[in-house]
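As structure tokens, the structure follows; a few thoughts come after it.
All chains are named by letter (A, B, ...) in the order of the sequence lines, taking the proteins before the strands, and each is independently numbered beginning at 1.
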Protein chains: 2
Amino acid sequence: MEAEQPGFSRCNNATLRRTARRLGRFYDDALAPSGLKGTQFGLLFQISVGSEPAMGAIAEALIMDLSALGHTLKPLVRDGYVETFPDKDDRRIKRVKLTPSGQAKLDEAIKLWSLAQRQFEDRIGAERAAKLRATLDEVAALDLEMPTAAPSR
Amino acid sequence: MEAEQPGFSRCNNATLRRTARRLGRFYDDALAPSGLKGTQFGLLFQISVGSEPAMGAIAEALIMDLSALGHTLKPLVRDGYVETFPDKDDRRIKRVKLTPSGQAKLDEAIKLWSLAQRQFEDRIGAERAAKLRATLDEVAALDLEMPTAAPSR
DNA sequence: CGTTGAAAGTGGCATATGCCACTAATTGGA
DNA sequence: TCCAATTAGTGGCATATGCCACTTTCAACG
């Protein structure tokens, strides 16, 4: 009723977060039967496509803070879906892999995810969705810096 | 170096969140001098454009869970930027408004936000940014439901 | 009117994310 | 070989978000 201006907000960040909340809930609902959240699903998937990726590699791929990744990983380790082990050549590096249980859970979740994905793309159009993802990936790849914030160093 | 597939992920939700993290940090950095986070800035702004909006109205506009809004609002109340008061006709309703201090902080933040906004749009292009926001708003407006999840009710 | 159901928030609990200060392990020289 | 700088993670603290169970008010009805 109120605050319904056409261009809701000109802030790219606010608009992005707002839509992320909306879509996040949709995917979360779809994944609910598996007990996974959308974020956890994405994380398990990312781990599964890597070759026992290091924490840092995962964080970089997901554009996520390393410590945030550590936190997010905890429930998955606790629930026995992933396990970690030190790299053989560099003991600073911690590698991550799915457990059999984690792989099974991922397989289960992928089926649920597919339903949500298809449902969404039926509404918005597969091509538009692909184009949107491409644009988002492009934005994510930008080397943004505030000119005033980092003059030299 | 690794995990650099062109189409990083086909999941619309994962892609959206990933970019939101990226852009969120950029705007957060830009707003840092004000002490506000991007989310708080967006919330103050939303409050400022409304007519002493009710919690529910804000939550709806931002597509945010009402209780989440309550939580997010706390630090802003604690810091004296916003205050709440019960609606005169319906005591269930809690209305929110900026304090003078909050308005001042918002004005200060808007300057910082403008820099980030301009910087971002210089990189991606103002038109593409506008188109992206339009698409995101469209996605946010979709009435998504899992067909299997809600057969009747 | 009194009962009932809807509407608006609150609090608790759990995950999601970031930043900062630290620790441990490596690497690069001097 | 030994120390300084770098790299990879961890833990603590704070905000961001959601869901669920309640509590308080209203509104509708009989």
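Side-chain atoms of T19(A) come within 3.5 Å of backbone N or O of L136(B) as a donor-acceptor pair.
Across the protein-nucleic acid pair, R18(B) atom CZ and dG18(C) atom P stand 12 Å apart, rounded to whole Å. For the pair L43(B) CG and dT17(D) C1', the interatomic distance rounds to 13 Å; values are reported in whole Å. When the C1' atom of dT15(D) is taken as reference, atom NZ of K37(B) falls 5 Å away, rounded to whole Å. For M64(B) and dT15(D), the CE to P distance is 14 Å, given to the nearest whole Å. If you take CG of L69(A) and P of dG18(C), they are 10 Å apart, rounded to a whole angstrom. Distance CD1 (I58(B)) to P (dA8(C)): 13 Å, rounded to an integer number of Å. The CZ atom of R17(A) sits 8 Å away from the P atom of dA16(D) (whole-angstrom rounding). Spacing between atom CZ of F41(A) and atom C1' of dA16(C) amounts to 17 Å, rounded to whole angstrom units.
Residues meeting the side chain to side chain donor-acceptor pair (under 3.5 Å) test with D79(B), sequence neighbours left out: none. Residues that satisfy the side chain to side chain donor-acceptor pair (under 3.5 Å) test with S67(B), not counting sequence neighbours, are D65(B). By the side chain to side chain contact (heavy atoms under 4.5 Å, CB included) test, A116(B) pairs with M146(A), F26(B), Y27(B), A30(B), sequence neighbours left out. Scanning for side chain to side chain donor-acceptor pair (under 3.5 Å) contacts around Y81(A) gives an empty result, with sequence neighbours left out. A search for salt bridge (Lys or Arg N to Asp or Glu O under 4.0 Å) contacts involving R118(B) returns nothing, not counting sequence neighbours. Taking R92(A) as the reference, D90(A) meet the side chain to side chain donor-acceptor pair (under 3.5 Å) condition, with sequence neighbours excluded.
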Donor-acceptor pairs are to be reported for all side-chain atoms of residues 100-107 of chain A against protein atoms at under 3.5 Å, with residues two or more places apart or in another chain.
unit_1: Q103(A); atom_1: NE2; unit_2: D107(A); atom_2: OD1; d: 3.1
unit_1: K105(A); atom_1: NZ; unit_2: S34(A); atom_2: O; d: 2.9
unit_1: K105(A); atom_1: NZ; unit_2: E108(A); atom_2: OE1; d: 3.2

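Here the side chains of L132(B) and L132(A) are in contact, with some heavy-atom distance below 4.5 Å. The closest side-chain heavy-atom distance from D137(A) to R18(B) is below 4.5 Å. Taking the side chain as every heavy atom from C-beta outward, Q40(A) and L31(A) never approach each other to under 4.5 Å.
Within the structure, salt bridge (Lys or Arg N to Asp or Glu O under 4.0 Å) contacts touching residues 125-134 of chain A (residues at least two apart or in different chains) are E121(A)-R133(A), R128(A)-E138(B).
You'll find that the side chain of I93(B) is closest to dG9(C), out of dG9(C), dC19(D), dA16(D).
No continuous path of hydrophobic side-chain contacts links F85(A) to L43(A) [ILVMFWY only; heavy atoms under 4.5 Å].
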Checklist outcome for this item: Annotated structure of DNA chain C as dot-bracket, pair cut-off 3.5 Å, Watson-Crick or G-U only, | for inter-strand, is ||||||||||||||||||||||||||||||
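The side chain of R95(A) contributes no N or O atom lying less than 4.0 Å from OP1 or OP2 of dA8(D).
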Next on the checklist: Run R123(B) and D143(A) through salt bridge (Lys or Arg N to Asp or Glu O under 4.0 Å) and show every step you take.
Outcome noted: CA-CA 9 Å; R123(B) 299 293 180 85; D143(A) 185 29; 5.7 Å; no
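Within residues 20-31 of chain B, the residues approached by DNA chain C to less than 4.0 Å at the level of any non-hydrogen atom are R21(B), R25(B), in residue-number order. Of the residues in residues 73-86 of chain B, those with a non-hydrogen atom less than 4.0 angstrom from any atom of DNA chain D are P75(B), R78(B).
Judged by atom type and distance alone, H71(B) reaches the base of dG12(C) through a side-chain donor-acceptor pair under 3.5 Å.
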Item to check | Contact pattern, 5' to 3', of nucleotides 20-29 of chain D - B, S or - by protein heavy atom under 4.0 Å | outcome: B----BS---
